[in-house]
Amino acid sequence: MIEKTYEPGSVEGRIYEQWLKANAFAAGAGAAPGADTFSIVIPPPNVTGSLHVGHALNNTIQDILVRFNRMLKKDVLWQPGMDHAGIATQMIVERQLMEAQEPSRRDMGREEFLRRVWQWKGESGGTIMNQLKRLGASADFSRERFTMGENGAPDDQMVRAVTKVFVELHERGLIYRAKRLVNWHPGLETAISDLEVENIEVNGHMWHLRYPLADGVTYEFPIEFDEDGRPTAFETRDYVIVATTRPETMLGDSGVAVHPDDERYASLVGKFVDLPLVGRRIPIVADEYADPSLGSGAVKITPAHDFNDFEVGVRNDLEQINIFTTRGEIIDTAPEAYRGLDRFVARKRIVVDLTALAEENSTRGLDHIEDKKIMVPHDEKSKLVVIEPFLTDQWWVKADVMAGPALASVREGRTRFVPQQYENTYFAWLENIKPWCISRQLWWGHQIPAWYGPDNRAFVAHTDFEAQAAANAHYGKPVVLRRDEDVLDTWFSSALWPFSTMGWPDETAELKRYFPTSVLVTGFDIIFFWVARMMMMSLEFEKTEPFHTVYMHALVRDEKGQKMSKTKGNVIDPLALIDQYGADATRFTLAAMAAQGRDIRLAINRVEGYRNFVTKLWNAARFLEMNECRRVEGYDAKANRLPLNRWIVGATARAATAITKGIADYKFNEAANAAYDFVWGTFCDWYVEFAKPIFMGDDASAKAETRATAAYVLDQILKLLHPFMPFVTEELWAETGKHGPARDGLLMLQEWPHLEGLEDPEADADLNWLLNVISSVRSVRTEMNVPASAKLPLIMVGADETTLRRLVASTSLITRLARLEEISPQSEIPSGSAQFVVGEATWALPLAGFIDLEVEKARLAKDIGKLEGEIAGVDKKLANAQFVAKAPTEVIEEQKSRREAAIDRRDRIGAALARLS
RNA sequence: GGGCGUAUAGGCUCAGCGGGAGAGCACUACGUUGACAUCGUAGGGGUCACAAGUUCGAUCCUUGUUACGCCCA
């Protein structure tokens, strides 16, 4: 017996265990012999992560695709795994050490610290994998991979993959080491990539500083102008004014730049200024970077602490003077007064000191301060720490070179984006890509396979043994090597994910079978971080694209359209949704709202609505069971006699087509809605209602056919809904399997319905007529305020043979569903009746003494008004010679038949109205 | 500043689309109906942001404007 209520909480865990026990998620489970493959690699969630609603959407979509393709009997692999998430994970463990008042990372040393991180990873990392299981994810968890492998050891396959890629890219000249400005995180004391920096606009200031000219040099600076902007008055100055948003960087100034065409300063190029507070003599250079229209037109140049200034410095051979420690404090080579000060403290101190200078001498020190909105680089994760351009030695990937093939793949259609518009985003970034800084000054991650000799020459090699050999050969004697302490950017290893998870660099069977993958499902926010880099790495090492299709799904926002964030407190926890409404309702909601190219505003009431849908399905199945609708061995859906049953199998076929097409086109909302409409709006609302009188009647053969058909259609529904709602469908599959022929296994391994050829236009016409009559009676009853309890007679006038035949076949149905007393064909409409028109016939509900004539007249008049409007519209079109001449004939025919139908209807209703007065 | 996207029911969340404006929620009325009140039946409600253009015909295509969102600088 199917329970009275469906309780997801008690069913889901049990069903999931059954799937696991049956090994139904394993690669190739249920596949037809020799079937095509379908493979997906999961976007590996951070090992520190927990399931948020974005993951829920991402994995719901993957699971729908995977379950669908598995039911198509393909050889399916959904490859799961996690990312070691270098920075995030290291921070978590460091914080734990701090909270437990244990020795810090540096105090305990690298080896012990890493042991602790692995320990933590083993204990509490991977929560998210269990949370994915709650969602119903059918990934092959036996193949779970981690970006750092089992234990991070050099001979671990995942580590070998990274090492091989690094070494070979280095050999090919695509990885190099160089001293460049990087985005430096002074809190974490590591470099980060430009993608991990977020520029945030803040209210800042522009400080205008006077730099005195050296060697007694003066010049004439224009201070008044005529209408045409020509200078009319000058003053003699022995200083230049430079403007900066970061006064503290003046400690590292090594030049002042003016534009080569700026006449005001032409005489100063090649002269020097004495840097205030520091006393350094620095040159004035001409460089096009200086914009004459901004501020005074002269800019201070700090090559070691600004990306633009760095370039200016290189062009003009200016010194690169670093003024910060790795923690963003002023270094000891700076003037004593500032040593050891934090960046922002130093800024204040310098402004104070420059102000003091100005008070002593009005041609020195601070000129003035201007309020200005400025863009400040922040750490993209915390959005709190200001990122510092910092000069260090780092490892870089020549991303611009590798971008070429990655661009070509998409341009030439070997990989396509869905929706396509994201290709533009991809192109725009790859066309302007900058070198990728891949080294991080962390401990948690893939340690860079480079060893340094006594003179700091780097030997890049697969193993220390190999490096040692190379070094010994190079120096001609045994030397002591020191391994690079740094690790690689997390995204370096994630970039290899589609093939490293399949065993690369070993030539495994999986790699051969499942790579390249079929589709990547991910959010657009990691196109650059991940998608583009997987493309580059795969094309470089496997000479093929890692996936044929990239499906980009939307961002999930709250119902007001705001990004969910912990600080805003508007986070919807998918696990809470699953607890409250069930995994199926949660999944169905996400799928139903996943329209392409549009953000999802998740509204709880939608989840509630789809929870109700789960209940509806449950109850329908329960009703069928109660009415002994059992599957029949050898049932043939094409052999039905009753129009009702011929109609429903045809409608099922249409629904199957729509759902199949929706999933295949990545239009999950269309598939979900087609399923919802069919199951609720057609199967439950009409078919089951029509079936009731048959079940209660005594026509044994009709009863048998309808029972068998109902059971058959329910089976199809369970299959069609399974990718969206795996739990409730699997449970009902088992319940309905208790009667009738034995099931051959789990629903998730059944074959997807192929129902072509079941459509039956004749039955459709019969049933549409029936729906129409019943709806019309119901509508009239409501509008006439007829109590639901009142059973009325229905009179039909002017029916043709078809209608009579239909009426004979369906009298009991109509009587029941429209709550009638009896139905009789008559030759005349009784006076005082409410009337309506279906087809050629006019129908009447004799309500004399009961209906309000005026209300009925108004109702009919309103209908006529609508029809008149429609007729007028069509007439106008048909009267237009251009329309008749140019519109396609089928459109014209359609308009004509619409017009006829409307006129016919209007006339009949008009006649009904006339009878009332 | 450059790029991308979105504007559809007097409320909310959203479909759709070159020829007849849709769903769910909310709302109103009714509910003695042997699956389901997590329900049923019916109903009200939109000049599809604004303007111009293309077209026989525009909610849909083009351009512009406005508003909002996102990405990049």
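Below, chain A is the first sequence line, B the second, and so on; all start at residue 1. Both backbone and side-chain heavy atoms feed into the values below; hydrogens, waters and symmetry mates do not.
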Show the atom names and distances, to 0.1 Å, of all donor-acceptor pairs under 3.5 Å that link a side chain in residues 608-616 of chain A to residues at least two apart or in another chain.
from: Tyr610(A); atom 1: OH; to: Arg606(A); atom 2: NH2; distance (Å): 3.2
from: Thr615(A); atom 1: OG1; to: Arg611(A); atom 2: O; distance (Å): 3.1

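When the C1' atom of A73(B) is taken as reference, atom CZ of Phe307(A) falls 14 Å away, rounded to whole Å. As a whole-Å value, the separation of Leu617(A) CG from C39(B) P is 14 Å.
Listed by chain and number, the residues in a ring pair (Phe, Tyr, Trp, His ring centres under 6.0 Å) with Phe310(A) amount to none (sequence neighbours excluded). With sequence neighbours left out, the salt bridge (charged side-chain N to carboxylate O under 4.0 Å, His left out) criterion links Lys4(A) to no other residue.
A close approach under 4.0 Å does occur between a side-chain nitrogen or oxygen of Trp680(A) and OP1 or OP2 of G40(B).
Minimum atom distance to the side chain of Phe528(A) is reached by C72(B), of the listed A35(B), G44(B), C72(B). In the set G5(B), A35(B), C56(B), the nucleotide with an atom closest to the side chain of Asn880(A) is C56(B). Distance from the side chain of Asn424(A) is smallest to C4(B) among C4(B), A35(B), G44(B).
Contacts of Lys896(A) with the nucleic acid, taken as non-hydrogen atoms under 4.0 Å apart, are absent. At a threshold of 4.0 angstrom between heavy atoms, the contacts of Arg611(A) include nucleobase atoms, whether or not backbone atoms are also involved. Within 4.0 Å (heavy atoms only), Ala885(A) reaches no atom of the nucleic acid at all.
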Distances for protein N/O vs nucleotides 29-34 of chain B N/O pairs under 3.5 angstrom?
from: U32(B); atom 1: O4; to: Ala788(A); atom 2: O; distance (Å): 3.1
from: U32(B); atom 1: O4; to: Ser789(A); atom 2: N; distance (Å): 3.3
from: U32(B); atom 1: O4; to: Ser789(A); atom 2: O; distance (Å): 2.7
from: U32(B); atom 1: O4; to: Arg819(A); atom 2: NH2; distance (Å): 2.4

Could you list, one pair per line, each protein nitrogen or oxygen that sits under 3.5 Å from a nitrogen or oxygen of nucleotides 19-26 of chain B, together with the distance?
from: G19(B); atom 1: O2'; to: Lys877(A); atom 2: NZ; distance (Å): 3.2
from: G19(B); atom 1: O2'; to: Gln895(A); atom 2: NE2; distance (Å): 2.6
from: G20(B); atom 1: OP1; to: Arg898(A); atom 2: NH1; distance (Å): 2.7

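Neither side chain, Asn619(A) nor Tyr6(A), offers a donor N or O lying under 3.5 Å from an acceptor on the other.
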Checklist outcome for this item: Pairing string of RNA chain B (Watson-Crick or G-U wobble, both atom distances under 3.5 Å; | = paired to other strand) is (((((((...((((....[..)))).(((((.......))))).....(((((..]....)))))))))))).

